[in-house]
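Indexing begins at 1, ligand by ligand and atom by atom, following the structure's order.
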Amino acid sequence: MKAMACVAGALLALTASIEPGLAQAPKSGIERMYVLYCGDIALTDMGRFSPGYSGPGALSSTCYLFKHTQGWLLWDTGLGDAIASMPEGQKSNAGVWHVKKTLTAQLAEIGVKPSDIRYLALSHSHGDHVGNVKLFPQATLVVQKAEYDWPDPSGTPRFPKDMKAIKAEGDHDVFGDGSVLLISTPGHSPGHQCLLVKLPKTGALMFSGDAVHTQANWDSKRTPIQNFNPAQSAAALDRMAAVLKEHNAALWIGHEPTEVAKHKYSPAYYE
Ligand SMILES: [Zn+2]
């Protein structure tokens with residue numbers, strides 16, 4: 001028996017040595033992406049987000065849902081479904097928020113229950129991105145530790161303390177197969193991150209979060225003066241440009257209102 005085990009061991013070693021492909025990265029498990037409407041933002045002063053502009057403006061709010069063989073991942077959660085029942089919308093410090101269709105209804109339309117979401121990956125902790133976090137108490141938060149630990153002036157935790165959380169310190173490969181990567185881009189907030197996803201047919205896409213609010217800001221490399229750290233904000237744009245180039249990725253800006261007409265929304269999907 002001992003001799004046989006020895007032979008088997010030797011065969012295994014031989015197999016590994018003649019098939020180096022076996023040691024390569026696991027096959028990507030990403031299957032599809034849904035684009036979800038997550039609200040509309042009417043701004044009193046566009047200049048707060050886009051230096052050089054003044055007067056009223058508008059931003060879209062977009063969330064993205066990914067189907068992976070290891071489970072569903074939702075990127076950002078939008079303004080909050082409760083706003084859908086407010087006829088006048090909800091006043092924020094920069095304008096008024098409206099929600100015409102809830103995130104819950106959009107998930108139901110494609111047969112996804114909130115409890116099906118395994119990972120809740122969030123660009124950062126501002127209200128227009130975490131409005132629906134409490135719909136997913138069973139999910140694991142995937143955020144930067146610097147954002148998780150950032151003290152809120154009101155003293156309330158930025159994320160529910162009873163939720164499981166992966167607190168990344170820098171870039172993070174969520175599924176371990178290179179298909180869904182968080183890219184650390186602090187500046188807008190202390191632990192802001194972007195998302196890079198490699199879809200099987202569509203190719204690589206990077207989701208900006210609030211590292212970039214509009215196409216015009218990206219084109220002229222402008223960052224809002226109200227950002228947490230201006231120097232980091234500028235460095236984040238350089239980092240994003242390098243990542244886009246390295247992965248031959250397209251940039252999707254969730255707050256850019258002209259992107260709404262360009263993309264197909266759920267229940268349609270991208271592969
Ligand atoms: Zn935002």
Side-chain angles (χ1 to χ4, degrees), residues 35-51 53 56-65 74-84 89-103 120-135 141-144 146-148 150 152-154 158-159 182-196 205-218 221-230 232-234 236-237 240 251-260 263 265:
V35 181
L36 302 168
Y37 161 86
C38 272
D40 298 292
I41 299 172
L43 296 170
T44 318
D45 177 16
M46 190 67 186
R48 286 184 57 157
F49 296 87
S50 217
Y53 285 74
L59 296 176
S60 53
S61 173
T62 319
C63 308
Y64 306 87
L65 177 68
L74 180 63
W75 170 247
D76 281 342
T77 70
L79 302 188
D81 283 0
I83 299 171
Q90 178 174 290
K91 282 208 165 72
S92 78
N93 58 354
V96 185
W97 293 356
H98 293 279
V99 173
K100 291 186 289 227
K101 187 174 185 180
T102 63
L103 179 59
L120 206 53
L122 302 166
S123 58
H124 64 302
S125 60
H126 287 161
D128 56 316
H129 297 260
V130 301
N132 285 311
V133 165
K134 286 182 177 162
L135 287 177
L141 292 166
V142 191
V143 295
Q144 291 291 317
E147 192 77 5
Y148 196 94
W150 183 25
D152 183 291
S154 69
R158 291 181 178 270
F159 304 103
L182 298 167
I183 307 294
S184 173
T185 47
H188 178 68
S189 64
H192 185 279
Q193 56 186 357
C194 298
L195 184 73
L196 177 70
L205 302 175
M206 183 155 75
F207 301 89
S208 67
D210 282 9
V212 178
H213 286 85
T214 65
Q215 185 66 44
N217 278 7
W218 173 250
K221 300 286 175 271
R222 277 192 306 246
T223 56
I225 43 170
Q226 60 181 351
N227 274 3
F228 177 76
N229 184 317
Q232 281 186 337
S233 301
L237 297 183
M240 290 168 71
L251 178 64
W252 285 30
I253 303 169
H255 277 316
E256 169 56 57
T258 63
E259 287 209 359
V260 175
H263 302 315
Y265 276 62

Original post:
Can you name the side-chain contact (heavy atoms from CB on, under 4.5 Å) partners of Ala236, sequence neighbours left out?
Top reply: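 For Ala236, the residues satisfying side-chain contact (heavy atoms from CB on, under 4.5 Å) (neighbours in sequence not counted) are Thr185.
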Original post:
Going by the angle between their ring planes, with limits at 30° and 60°, are His124 and His192 parallel, tilted or perpendicular?
Top reply: tilted
Original post:
Taking C-beta and beyond as the side chain, do Ile41 and Leu79 meet within less than 4.5 Å on heavy atoms?
Top reply: yes
**OP:** Check all N, O or S atoms of Asp210 and name the one closest to the Zn ion (ligand 1).
**Re:**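 In Asp210, the N, O or S atom with the shortest distance to the Zn ion (ligand 1) is OD2.
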Original post:
Is the Zn ion (ligand 1) less than 2.8 Å from an N/O/S atom of His129, whether that atom is in the backbone or a side chain?
Top reply: yes
Original post:
How many degrees, to 10°, between His255 NE2 and Asp128 OD2 as seen from the Zn ion (ligand 1)?
Top reply: 90°
Original post:
Within a radius of less than 6.0 Å around NZ of Lys91, do more than 12 heavy atoms belonging to other residues, nucleotides or ligands occur?
Top reply: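 Not buried by this count: 12 neighbours or fewer within 6.0 Å.
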